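See below for the structure under consideration.
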Amino acid sequence: MNLHWHRRDLRVEDNRALSSGDPVVPVFVFDREVLGHAAPPRVSYMLSALESLRESYRKRGGDLLVAHGDPREELPRIAAELGAERVVWNRDYSGLAKRRDAEVRDALDEDGIVCQSFHDSLLHTPGSITTNQGDYYSVFTYFWKKWRDRGKGESFGAPGKVVDVGEMEVAELTDVESGDLPTLADLGFEEPVAEIPPAGAETARELLAAFCDGDVYSYDEKRDYPAQECTSRLSPHLKFGTIGIREVWETTEQAKNDAQTEADADSVDGFQRQLAWRDFYAHVLDNRPDVVVENYKDYQYDIAWRDDPEGVQAWKDGETGYPIVDAGMRQLREEAWVHNRVRMIVATFLTKDLLVDWREGYDWYRQKLADHDTANDNGGWQWAASTGTDAQPYFRIFNPMTQGERFDSDAEYIKRFVPELQDVPSKKIHEWNDLDEAERTDLAPDYPAPIVDHSERREDAISMFENAKG
DNA sequence: TATATATTTGA
DNA sequence: CAAATATAT
């Protein structure tokens, strides 16, 4: 019997470490150190995913064991008490997780308990896609070409027999509960402000099926328009592994086969390309674990980021006077999720208009996003900040007014999140920074004037990077 | 996965 | 003269 340690693979199907066919007892450990880096939206989402996972095990005649504490101590102890043959888990590639897993492995080794870890969460594992010289790629496009042309593994099926610990003849388990999950409050978190979307494998499959049955075919055409709501919404599921990545791949491949036109098939490619970004940033983080605190790209001199607590607060509150930015920041608060185009817009606003260090924005995402993922968010922030892969400062300054006009021309998305602008014609919304004070007050007395002058800040940003280049 | 500006095109 | 396109940053 294997003790399966669940971490970011909160599902039973298409789960590599669970697929050996061996009888299994599953366990989840609430790790204080990991929770110390977490935040309410994400933990709330995770608890709901765990409930769903527990339900899957109960349907299979077992239950999910729940422990609290340090996995380096809990896993050897539980494995010993159960008399498990092996402890198995699926790999996590962030620096912290790699260190912890190595320590868990050492602790198990010391107790003479066999353990085994598996690649599971990505289509292509970190380090498997490299340049012909064997180096990690630092430019996505080349990575993408190799990624696309490489065969993908098949999905794994259901787990072997789930053992009901209650019916085992084992000495009493110490401090381990059968399926009793803590509440957010038990874990010391406030209720999140945001409305957290439903979690769990069933929801994930429904989302994937619905997406592949329709929106995936217009993904290429519509994905940049936040009001369209045509994206998959799978991000928190991929973060917590409530769906297997191979199953996602196969379902999209099927959609590509079913496509009626070439354009429809190309649109599916466009979505799959986003899955490649996920693998790409996992490669980047695996190669350079320091990117969580350091710039990926070396500049000769320090970038002279500004200290602007008031600006940062206005950004967090969605009170910058740039409508598309404010809409995005308010969506973040309300839904713990933001449309990706808007994530890029608000990130370039913080870094190129407020000239504030990307780390501040990354920290805020980490606190507020249900789908926060170290590799993806860090990659995204550093890309926006021109400190990451494929850094091209001049190419990465968005004009927040133009972006709003181009991607939300009817201001439908903006008005959804910024009610002060409800009755303002979209044309005026997209000219907000050019209107005079009297007209702004007349149109929307409660909505702020732009807190910075974009064209001025654009010049400042360019010289900030010129200076850093040396 | 951009923007501003110069230049060309075409209604 | 507005819109499309090329080019520099």
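Every chain is numbered from 1, with letters handed out A, B, ... down the list of sequences. Just so it is clear, the model here is predicted, and its values are computed rather than measured.
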From CD1 of A/Ile462 across to P of C/dT9 the rounded distance in Å is 11 Å
When rounded to whole Å, the CE to C1' distance for the pair A/Met464 and C/dT9 reads 16 Å
Which of B/dT1, B/dA4, B/dA2 is nearest the side chain of A/Trp383? It is B/dT1
A/Arg457 atom CZ is separated from B/dT3 atom C1', nearest whole Å, by 18 Å
Whole-Å distance, A/Glu459 CD to B/dT3 P, equals 14 Å
Closest heavy-atom pair, A/Trp358 versus A/Val291, reported as atoms and distance to 0.1 Å, is CH2-O, 3.3 Å
Just list the side-chain donor-acceptor pairs under 3.5 Å for residues 430-437 of chain A, sequence neighbours left out, or say none.
residue: A/His430; atom: NE2; partner: A/Asp408; partner atom: O; Å: 3.1
residue: A/His430; atom: NE2; partner: A/Ser409; partner atom: O; Å: 3.1
residue: A/Glu431; atom: OE2; partner: A/Lys427; partner atom: NZ; Å: 3.2
residue: A/Trp432; atom: NE1; partner: A/Pro448; partner atom: O; Å: 2.9
residue: A/Asp436; atom: OD1; partner: A/Ala438; partner atom: N; Å: 3.4
residue: A/Asp436; atom: OD1; partner: A/Glu439; partner atom: N; Å: 3.0
residue: A/Glu437; atom: OE1; partner: A/Arg440; partner atom: NH2; Å: 3.2

Among B/dA2, B/dA4, B/dT1, the one nearest any side-chain atom of A/Thr402 is B/dA4
Using residues 28-37 of chain A as the side-chain source, report each donor-acceptor pair under 3.5 Å to any protein atom, sequence neighbours left out, with the distance given to one decimal.
residue: A/Asp31; atom: OD1; partner: A/Glu33; partner atom: N; Å: 2.9
residue: A/Glu33; atom: OE1; partner: A/Arg72; partner atom: NH2; Å: 3.4

Rounded to whole Å, the CZ-P distance (A/Phe398 to B/dT1) equals 11 Å
Those residues at least two apart in sequence (or on a different chain) that pass side-chain hydrogen bond (donor to acceptor under 3.5 Å, both in side chains) with A/Asp460 are A/Arg306
Using a cut-off of strictly less than 4.0 Å, decide whether A/Asn399 has a side-chain nitrogen or oxygen near OP1 or OP2 of B/dA2. no
Any A/Gln403 side-chain nitrogen or oxygen under 4.0 Å from OP1 or OP2 of B/dT1
no
Across all chains, not counting sequence neighbours, the side-chain hydrogen bond (donor to acceptor under 3.5 Å, both in side chains) partners of A/Arg11 are A/Asp120
Between CZ of A/Phe465 and C1' of C/dT9 the distance, given in whole Å, is 14 Å
From CZ of A/Arg458 across to P of B/dA4 the rounded distance in Å is 5 Å
Side-chain atoms of A/His454 come closest, of B/dT1, B/dA4, B/dA2, to B/dA4
Dot-bracket for DNA chain B, 5' to 3', Watson-Crick and G-U pairs with both distances under 3.5 Å, [ ] for crossing pairs, | for partner on another strand, reads .|||||||||.
task: Please work out if A/Arg406 contacts a base, only the sugar-phosphate, or nothing of the nucleic acid, heavy-atom cut-off 4.0 Å.
output: sugar-phosphate
Across all chains, not counting sequence neighbours, the side-chain hydrogen bond (donor to acceptor under 3.5 Å, both in side chains) partners of A/Glu310 are none
ring-ring contact (aromatic ring centres under 6.0 Å, His included) with A/Phe140: of A/Trp147, A/Tyr281, A/Trp277, A/Trp383, only one passes, and it is A/Trp277
Here the distance between atom P of B/dA4 and atom CD of A/Glu405, to the nearest Å, is 11 Å
